[in-house]
Amino acid sequence: MTRILITSALPYINGVKHLGTLVGSLLSADVFARFSRARGFETLAICATDEHGSTTELAAAEAGLAVRAFCDQQYRLQKAAGEGFGLSWDHFGRSSNQQNRELTQHFARQLWKNGNLEVRTTKQVYSNADKRFLSDRYVIGTCPYCGYERARGDQCENCTRVLDPADLIHPRSAISGSTDIEIRDSRHLFLKQSEFVPQLREWIASHANDWPSLVTSIANKWLDEGLQDRGITRDVEWGVPVPDDIGDGQLKGKVFYVWFDAPIEYIAATKEWADANAKGDAWRDWWYGDAAKDVTYYEFMGKDNVPFHTVGFPVTILGSGEPWKLVDRLKGFNWLNYDGGKFSTSEKRGVFMDSALEILPADYWRYYLMANAPEGSDSNFTWEHFQGVINKDLADVLGNFVNRVTKFCAARMDGKVPGEGAYGAEEQALCDELDRRVGAYTDYFAALEFRKALGELRAIWVAGNEYLTRAAPWTAIKTDPARAAVGVRMGLNLVHLFGHLAWPIMPMMARKIHEALQPAPEIIPWPSGKMSVFLDDLEAGQPIGTPDVLFAKIADEQVEEWKLRFGGGA
RNA sequence: GGCAGCGUAGCUCAGUGGUAGAGCAGGGGAAUCAUAAUCCCUUGGUCGGGGGUUCAAAUCCCUCCGCUGCUACCA
């Protein structure tokens, strides 16, 4: 029995995510998880908030809250937004939970024991006024190259040059503005990534055919440029503490780098799931040793996350010397841009998960985003394009099909599945076409080719409309009632099929479509077997409903209003 | 600066050596069951510019132009 383990890149706790993050990790993972469940595979979909690090500390301070309280609040918001989008996690955890603390410390101890960590002394900027170390980007000053006065210590935003905080002229704290800063020595743990290059290279090469070229290309770039060892501790408060038994107590008061503990939370969140459901050690069977041999592990993420999942986290696992599972299928996405520019939280530019749900149901977004997922290259959200896709694909091609068939049945067939007549050549030709198309749809889905999968889904809806035009029951009913009955019966069976095929993408709408005909199970199963059988499934005489308009069209005035509300739109 | 990716029809994108594709938009027609939705036909591209390899290049190589991202202490 194949089991499917799915993780989404963890959304950072700092605010509700925008549509780009949604499509690139949260939504794509959910769509695939539903597809797996629909096919009958035992599936575990895991996600969590990524909470640690200096960014959270500063965001909490800005919000006037204690860090823990800030995270509690943001966790609730993100969980609610995810649920509003129909994200069907088996568990949505938190990297700040006890399970992750224990597991992160466990991995660190294993790495230390195996000689894969070492203590090094680094120079860090310390702010006396803020009473804390400042990460490079929180030191600002004048760029020595271009004279820009608000250059950050890691990079000048004006001339894009990479900087060292020590390069800055008139350096000061970005937090308080204080110039009372100094450079201090600080000891840190470094993960000896460089020693794993041959192993990583071999592992990455073995996935040349089942990872997108985007992913292998980014991974190889890091190796080709000479993989450096990475500091995995930080001088901040909010994180997993480094245990005293590592580094002979030289790391007192330090915490692990957020990028060290965040991927470990994939495993820890699985333990949270087991703990919450009284499943004992079941979590290990998804991750560890022979028990997890039948698990295929899928990761979904934006391209910014790829290095940490192809280099950092694998080194953590390999270096532990324990048989934890490495990712099998890594799906990376490019950026979704907003109307030609970036989504920007600080500039309030673009659409965020909570506000998206205020204007339209989740399934509109789910369909649009997956149909236009940034797979091959960065892609661009515009309101006009969104309006066009929703109105044409969902309202006209799919929604109207369901509407015309069920309305006609109600008006002329007594609202029951008509049993007269038998399927003939026209129906067989349709079944042949749909056998091919449903097969292609399934294959694209399994290959994580979402754009192509949804293109095929749309073509299936079009095939339904084409059939109905040829069958023309509204004409046939005048001279040949049996033939009209065949057309309507097939039309209703197509509606049934559409409800099944759409479920992973649009779970709420798929349910509505399905329930126009008959009650729907919790998980609407993936169609299997020949279409000639599946499309002859409805019982003759079974009463059917006429659903309200499924997809309302988006009016031009709404587009104008949303452009104003969400900004950017020229 | 370095590295990577991209540049294909008005728009969004497929297509990695063998006679240029899809959807939308535009044009014409059919039908009238339906949210004036649907269906059929159709206009439209010297595949960013230039050079090269090849019997053959959107596809491989070089070069130029443009856009985007990354550059390891934001995540």
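Below, read A as the first sequence line, B as the second, and so on, with proteins coming before strands; counting in each chain starts at 1. Computation of the quantities below employed the complete heavy-atom set of this structure, encompassing side-chain atoms and omitting hydrogens, waters and symmetry-equivalent molecules.
At the heavy-atom level, A/R412 lies nowhere under 4.0 Å from the strands shown. Residue-level contact check: A/D50 touches the backbone only, with heavy atoms under 4.0 Å from sugar-phosphate atoms and none from bases. In this structure, A/L550 reaches the bases: a heavy-atom distance under 4.0 Å links it to at least one base atom across the strands shown. Residue contacts for A/W335: at a heavy-atom cut-off of 4.0 Å it reaches the sugar-phosphate backbone alone, with no base atom in range. The residue A/F551 sits close to a base: some heavy atom pair falls under 4.0 Å. A/G226 comes within contact range of at least one nucleobase, with a heavy-atom separation under 4.0 Å. As judged by a 4.0 angstrom heavy-atom cut-off over every strand, A/D304 is placed among the base-contacting residues. Contact annotation for A/V462: backbone-only contact, meaning every heavy-atom pair under 4.0 Å involves sugar-phosphate atoms and none involves a base.
Looking at the side chain of A/T475, the nearest of the listed nucleotides B/G23, B/A75, B/U32 is B/U32. Among B/C73, B/A75, B/C33, the nucleotide with an atom closest to any side-chain atom of A/L468 is B/C33. Taking only side-chain atoms of A/T469, from C-beta outward, the nucleotide of B/U32, B/U38, B/C24 with the closest atom is B/U38.
For the pair A/G388 and A/N465, both in contact range of RNA chain B, the more 5′-proximal nearest nucleotide belongs to A/G388.
The CG atom of A/D261 sits 10 Å away from the P atom of B/A75 (whole-angstrom rounding). Rounding to whole angstrom units, CD1 of residue A/I218 and C1' of B/G69 are separated by 9 Å. Spacing between atom CG of A/D229 and atom P of B/A72 amounts to 15 Å, rounded to whole angstrom units. The separation between A/K303 atom NZ and B/A72 atom P is 17 Å, rounded to whole Å. Atom CH2 in A/W474 sits about 12 Å away from atom P in B/A31, given to the nearest Å. Whole-Å rounding puts the A/Y368 OH to B/C24 C1' distance at 12 Å. Nucleotide B/U38 holds its C1' atom 11 Å from the NZ atom of A/K553, rounded to whole Å. Distance CG (A/L227) to P (B/C70): 19 Å, rounded to an integer number of Å.
B/G1: Watson-Crick or G-U partner is B/U71, with both key distances under 3.5 Å. Using N1 to N3 plus N6-O4 or O6-N4 for Watson-Crick, or N1-O2 and O6-N3 for G-U wobble, each under 3.5 Å, B/A14 pairs with nothing. Nucleotide B/A34 forms a pair with no other nucleotide shown, judged by Watson-Crick or G-U wobble geometry with both contacts under 3.5 Å. B/G26 is paired with B/U42 under the Watson-Crick or G-U wobble criterion, all donor-acceptor distances under 3.5 Å.
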Protein proximity profile, nucleotides 2-17 of chain B - base contact B, sugar-phosphate-only contact S, no contact -, cut-off 4.0 Å on heavy atoms: -SS-------SSSS--
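Aromatic ring centres of A/Y364 and A/F386: separated by at least 6.0 Å.
Within residues 390-411 of chain A, the residues that place at least one heavy atom under 4.0 Å from RNA chain B are, in residue-number order, A/K392, A/A395, A/D396, A/G399, A/N400, A/N403, A/R404, A/K407, A/F408.
With sequence neighbours left out, A/N334 forms a side-chain hydrogen bond (donor to acceptor under 3.5 Å, both in side chains) with A/K303.
Of the side-chain N and O atoms in A/K123, none sit less than 4.0 angstrom from OP1 or OP2 of B/C73. A sub-4.0 Å separation between OP1 or OP2 of B/C39 and a side-chain N or O of A/Y467 is absent. Within the 4.0 Å cut-off from OP1 or OP2 of B/C73, at least one side-chain nitrogen or oxygen of A/R230 is found.
The base of B/C73 is paired with the side chain of A/Q124 by a donor and an acceptor separated by under 3.5 Å.
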